[in-house]
Amino acid sequence: MSFAHPDEARKHRNAYLKVFAALAVLTVVTVAVAEMKFLSMPMAIAVAMVVAGTKASLVAAYFMHLISERKAIYATLILCGVLFVALLLLPVVTQGEVDAWRRTHVP
Amino acid sequence: MSATAEVIPHTVEPHPVTGVYNGKFGMWLFLASEIMLFGALFSSYVLLRVGSAEWPHGYSVLNVPLATVNTMVLITSSVTVVMAWYCLQLNDFGKARLYLLATIGLALVFMVIKYIEYSSKFEHHHYPRTNLFYGLYFTLTGLHGLHVLGGILVFLYFVGPGAGMWKTDPHRYTNRVECAGLYWHFVDLVWIFLFPSIYLL
């Protein structure tokens with residue numbers, strides 16, 4: 001990263017502050033939705049994860065500058081992302097075996 | 001050609017293959033391994049929770065207001081660290097140092113709140129061995145807390161003994177702050193997922 005032109009840098013600063021405001025608002029939203037407890041569990045999980053995903057994307061895109069990064073870094077993250085999703089899907093894929101185990105072991 | 005300049009290549013100029021300086025590429029590789037580390041724990045959490053006959057709601061046993069404050073603290077510290085890097089790019093070391101100190105301060109606030117939270121759990125005799133829920137709670141938030149502690153040490157180095165590099169090699173110093181910032185944002189990012197999963201659901 002080369003030293004930025006002051007005008008260019010100032011544009012970045014404004015973006016950081018906007019992202020900060022968005023993150024603060026989304027935090028309040030996610031806590032408020034959880035506190036009111038009016039959603040069913042699957043809906044609550046969906047809302048919480050969508051809000052968290054949005055916040056995470058904002059942090060990654062603007063604070064971590066992924067919105068304008070080099071191919072080598074995207075390639076690293078795509079490979080990592082595929083493995084990460086595989087890891088998260090393991091509980092779903094193995095759910096059948098968990099159920100089967102419970103049927104035979106849990107009275 | 002001076003010997004010292006060739007010891008670690010591409011600390012400032014981009015590497016021809018990756019297009020970024022080596023420190024940044026190295027940091028991203030490290031973060032990829034961190035994603036897998038926390039991913040494995042998160043995946044275990046989902047598997048154990050779904051497989052359990054009973055599971056307490058985070059909000060009924062944990063302190064949501066304190067955790068919400070901590071979320072705000074961590075988000076703010078992400079802004080201060082990116083602002084430190086921004087000031088360095090504008091050659092304003094004084095301001096950048098203040099932002100780094102603010103980041104350290106916020107990180108310490110996070111740790112103090114974590115300490116209050118843990119103390120109250122111990123007072124009620126809730127330990128990692130108490131049950132699966134507390135085992136996961138302490139493992140996930142504890143590992144995250146260790147990452148915050150690591151960040152504090154790195155930022156202390158930048159405002160303390162490591163600050164001299166700003167005079168000898170400002171560009172490299174700026175890059176170091178950027179890399180530490182990437183790490184710090186990742187720590188923030190992990191918390192963004194931990195907070196709703198453990199405390200709110």
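A quick note: this is a predicted structure, and the numbers were derived from the prediction, not measured. Chain A is the first sequence line, chain B the second, and so forth, proteins listed ahead of strands; every chain is numbered from 1.
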To the nearest 0.5 Å, tell me how far B/Thr76 OG1 sits from A/Phe20 CZ. 4.0 Å
Taking only heavy atoms into account, what residues of residues 92-102 of chain B are found under 4.5 Å from chain A? none
So which part of B/Ser33 gets closer than 4.5 Å to some heavy atom of chain A, the side chain, the backbone, both or neither? neither
Shortest non-hydrogen contact from A/Met49 to B/Ser197? CE-OG, 3.7 Å
Among residues 182-192 of chain B, residues within the sub-4.5 Å heavy-atom range of chain A, in order of number, are B/Leu182, B/His185, B/Phe186, B/Asp188, B/Leu189, B/Ile192
Side chain to side chain contact (heavy atoms under 4.5 Å, CB included) between B/His57 and A/Met41: does it pass, once the steps are laid out? CA-CA 10 Å; B/His57 286 292; A/Met41 197 57 182; 4.0 Å; yes
Would you sort out whether B/Val46 and A/Leu88 count as a side chain to side chain contact (heavy atoms under 4.5 Å, CB included), showing the intermediate values? CA-CA 8 Å; B/Val46 175; A/Leu88 286 189; 5.5 Å; no
Can you check whether B/Cys87's main-chain N or O pairs, donor with acceptor, with A/Arg13's side chain at less than 3.5 Å? no
Answer with side chain, backbone, both or neither: which region of A/Leu77 has an atom nearer than 4.5 Å to a non-hydrogen atom of chain B? side chain
With chain B, the option among A/Met64, A/Lys37, A/Glu35 that has the most non-hydrogen atom pairs under 4.5 Å is A/Met64
Gap separating the NZ atom of B/Lys24 from the CZ atom of A/Arg70, nearest 0.5 angstrom: 8.5 Å
Rounded to the nearest 0.5 Å, what separation is found between the CZ atom of A/Phe84 and the CZ atom of B/Phe38? 11.0 Å
Hey, what's the ring geometry for B/Trp85 with A/His65, parallel, tilted or perpendicular (30° and 60° as the breaks)? tilted
Side chain / backbone / both / neither for A/Leu66 at chain B, heavy atoms under 4.5 Å: side chain
Could you check whether atom OH of B/Tyr127 has more than 12 heavy atoms from other residues, nucleotides or ligands sitting under 6.0 Å from it? yes
Within a radius of less than 6.0 Å around NZ of B/Lys167, do more than 12 heavy atoms belonging to other residues, nucleotides or ligands occur? no
Between A/Thr27, A/Thr76, A/Thr30, A/Ile73, which residue shows the highest count of heavy-atom pairs closer than 4.5 Å to chain B? A/Ile73
Could you go step by step and tell me if A/Phe63 and B/Val81 meet the side chain to side chain contact (heavy atoms under 4.5 Å, CB included) rule? CA-CA 9 Å; A/Phe63 291 166; B/Val81 79; over 6 Å; no
Find the distance between CD1 (B/Ile35) and CG (A/Leu87) and round it off to the nearest 0.5 Å. 11.5 Å
Which atoms of B/Leu48 are under 4.5 Å from chain A, going by heavy atoms: the side chain, the backbone, both sets, or neither? neither
At a heavy-atom separation under 4.5 Å, does B/Met83 approach chain A through its side chain, its backbone, both, or neither? side chain
Is B/Met72 atom CE crowded by more than 12 heavy atoms from other residues, nucleotides or ligands, each under 6.0 Å away? yes
Give a yes or no on whether the backbone of A/Ala72 and the side-chain of B/Thr18 come within a donor-acceptor separation of less than 3.5 Å. no
From CZ (B/Phe193) to NZ (A/Lys55), nearest 0.5 Å: 9.5 Å
Side chain, backbone, both or neither: which part of B/Val64 has a heavy atom under 4.5 Å from chain A? side chain
